[in-house]
Amino acid sequence: MDTGVNGAAHTAMGPRAVTAATIGTALEWFDFTLYGAVSATVLPKLYFPSMDPTNALLASLGTFGVGLAARPLGAIICGHLGDKLGRRNLMLGTVTIMGLASVLMGLLPTYAQIGVWAPILLVLLRIIQGFALGGESTGAQLMALEHAAADRRGKYSGLLGLCSPLSQIMANGVLLLLASILSADAFESYGWRIPFVLSFILVIVGIYIRLKVNETPAFVELKRTAVAQAGSPLKDAVKFHYKTVLRLMFFFCGPAAIFYLIVVFSLSYITKTLEVPKQTGFLLLMGANVCAIFGALGGGILSDRIGRKKALALGSIATLLILFVYFAILDTKSFVPMLIIMGLFLGFTQFQSGIQPVAFAEAFPTNVRYSGSALAYTGANLLTGGPMPVVAVWLLSVFHGSPWGVVGVCVALNLLSLAMILIGPETRGIDMNRVDPVAQAGDTHAGNVMSADVHRHRAT
């Protein structure tokens, strides 16, 4: 139960915190998503011209996966520092790093201009982007949820869940506009670079809105305990909460894989395999992401009413059923059915992603919450999110253009995800200010002080 002091903090800072977290994260996801879109359409020709079209696409999508592979490193370092130094300070750093990396990406010469250095530098900038987003994703979630009242955590979580689809709409909308007003040659030459170069605006906006938010009540409370001085967040998360980290990671493997299947691979499948115009592909993704916004909000709000576990199971079952008809409907090449199925698929995927922030945050005590949540979230994206577009392209080739190999892999991941949901505990309403009573098991004095702090906190 929240204390009176924390309740007052929730009232004063809750809306401001969730606004800052949502806008800042949406701006960072805009850059990351923008790269996903161009990696499936423009970059293969510009940065991997010596390869045949299929291998060039695989290489380009591989650089997208590199960014996701770097996220665990960002999660580990930023998670540890965030549990030690606070959520707010880390958020100022990650948005700055992301914006600067994106500006440099927009200015990067092509293979024709500097040869092999072009793809090398592209990969380096993707690693920097991934590092920043690895620290950003969880930190922004905690900044909002640790300010939230217990009965509004799901709602705030849903607002955070709409960051990704909102960024998808922004990124694909910008690309659609540029592709419409520019010739194909002009778009490939400089048009795709414009939104990357304008990313300096993200730095200014992101820093400004986050300077307006105080440190979270849970972290302030943590600083009053012995854990803050003697604890090692990353070590404690791995040592004492590894089962929770693994369960949450395996749960999110399903939504992560399906998300990138839709927003990255589907764009390639629609425009290259089905030979649908790029503008139509961008428009379909934009429409699907409108549905995803409602899905994320709906999932978060529903989880406040029926619990995290039941709501997550509902979303997981829905995506499982849609998997069996998704590609068959895309193959019709009929705009309305394609829009509906993509909207439902992405909507129910984001339904789960709208619950993910609060489900992860509630699963860990304050002293390891950033580290544990970040490890689980980025681990899932590393295992299945990043590799999914590349695996899907490879399976499509192996199965001679049939998507059933892709469907089989996604069904298996979806079933794994559902199993992890069903074996997990319900966390709705849990105390967000709790600390880990065994975090200093190796330090008797610190452990005694910490235990006294825990008992004092529980008595208030």
### Query
Would you say the side-chain atoms of Gln279 pair up with the backbone N or O of Gly281, donor to acceptor, closer than 3.5 Å?
no
### Task
Would you check if the side chain of Gln350 reaches a backbone N or O of Gly161 as a donor-acceptor pair within less than 3.5 Å?
yes
#### Entry: Under 3.5 Å donor-acceptor, Thr271 side chain and Leu267 backbone
yes
### Query
Under 3.5 Å, is there a donor-acceptor pair between the Arg369 and Thr366 side chains?
yes
### Task
Kindly say whether the aromatic ring centers of Tyr377 and Phe252 come within a distance under 6.0 Å.
yes
### Message
Check whether Ser183 reaches the backbone of Ala186 with its side chain - one donor and one acceptor, N or O, closer than 3.5 Å.
### Response
yes
### Task
Check Ala150 against Arg308 and note the closest heavy-atom contact, atom names and distance.
O-NH2, 4.5 Å
### Message
Is it the case that over 12 heavy atoms from other parts of the model lie below 6.0 angstrom from the OH atom of Tyr242?
### Response
no
#### Entry: From NZ (Lys309) to OG (Ser303), nearest 0.5 Å
14.5 Å
### Message
Parallel, tilted or perpendicular: which one describes the rings of Tyr326 and Phe345, with boundaries at 30° and 60°?
### Response
tilted
### Query
NZ of Lys155: more than 12 outside heavy atoms within 6.0 angstrom?
no
### Message
Any non-hydrogen side-chain atom of Phe131 less than 4.5 Å from a side-chain atom of Thr94?
### Response
no
### Message
If you count heavy atoms of other groups shown closer than 6.0 angstrom to CD of Gln113, is the number above 12?
### Response
yes
### Message
Regarding Lys45 and Glu188, does a basic nitrogen lie under 4.0 Å from an acidic carboxylate oxygen?
### Response
yes
### Message
Checking Gln141 against Ser373 for the side chain to side chain donor-acceptor pair (under 3.5 Å) test, could you report, in this order, the C-alpha distance in whole Å, the side-chain angles of both residues, the deciding distance, and whether it holds?
### Response
CA-CA 10 Å; Gln141 293 170 5; Ser373 298; over 6 Å; no
#### Entry: N/O donor-acceptor pair under 3.5 Å between Thr280 side chain and Val276 backbone
no
### Task
Hey, can you tell me if Phe351 and Phe348 have their rings parallel, tilted or perpendicular (30° and 60° cut-offs)?
tilted
### Message
Before you tell me yes or no, could you show the steps for Tyr269 and Phe327 under ring-ring contact (aromatic ring centres under 6.0 Å, His included), namely the whole-Å CA-CA distance, both residues' side-chain angles and the distance that decides it to 0.1 Å?
### Response
CA-CA 10 Å; Tyr269 183 79; Phe327 286 100; 5.2 Å; yes
### Task
Taking all heavy atoms of Leu182 and all of Gly191, pick out the closest pair and write down the distance.
CD1-CA, 3.6 Å
### Task
May I ask you to test the Leu107-Phe196 pair for a side-chain heavy-atom distance under 4.5 Å?
no
### Query
Are any side-chain N or O atoms of Lys333 and backbone N or O atoms of Leu274, one a donor and one an acceptor, separated by less than 3.5 Å?
yes
### Query
Counting N and O atoms only, with roles assigned by atom type, does the side chain of Asn414 sit under 3.5 Å from a partner on the main chain of Gly254, one being a donor and the other an acceptor?
no
### Message
Quick check for you: to the nearest 0.5 Å, what is the distance between Ile355 atom CD1 and Leu302 atom CG?
### Response
7.0 Å
### Query
What closest approach, in Å, do Arg153 and Leu145 show between heavy atoms, and which atom pair accounts for it?
O-CD2, 3.3 Å
### Query
So, for Leu162 and Leu159, which heavy atoms are closest and what is the spacing to 0.1 Å?
CG-O, 2.9 Å
### Task
May I ask you to decide if Ala237's main-chain N or O and Ser371's side chain share a donor-acceptor pair within less than 3.5 Å?
no
### Query
Which heavy atom in Ser316 sits nearest to a heavy atom in Thr319, and how many Å separate them?
O-OG1, 2.9 Å
### Message
For a side-chain contact (heavy atoms from CB on, under 4.5 Å) check, start with the C-alpha distance between Leu246 and Met249, then their side-chain angles and the critical distance, and finish with the verdict.
### Response
CA-CA 5 Å; Leu246 289 175; Met249 182 177 67; 3.6 Å; yes
Could you go through residues 396-405 and list every donor-acceptor pair under 3.5 Å that involves a side-chain atom there, pairing it with any protein atom two or more places apart or in another chain?
{"unit_1": "Ser402", "atom_1": "OG", "unit_2": "Trp404", "atom_2": "N", "d": "3.4"}

### Audit row: Trp192, Phe187, side-chain contact (heavy atoms from CB on, under 4.5 Å) steps and yes/no
CA-CA 6 Å; Trp192 66 272; Phe187 181 78; 4.2 Å; yes
### Side chain to side chain, Val411 and Phe324, heavy atoms closer than 4.5 Å
yes
### Query
At their closest point, which heavy atom of Ile421 faces which heavy atom of Phe251, and how far apart are they?
CG1-CD1, 3.5 Å
### Query
Does Leu248 reach the side chain of Gln356, with side-chain heavy atoms less than 4.5 Å apart?
no
### Query
Take atom NZ in Lys310; do more than 12 heavy atoms of anything else shown fall under 6.0 Å from it?
no
### Query
Crowded around Arg247 CZ? As in, over 12 foreign heavy atoms under 6.0 Å?
yes
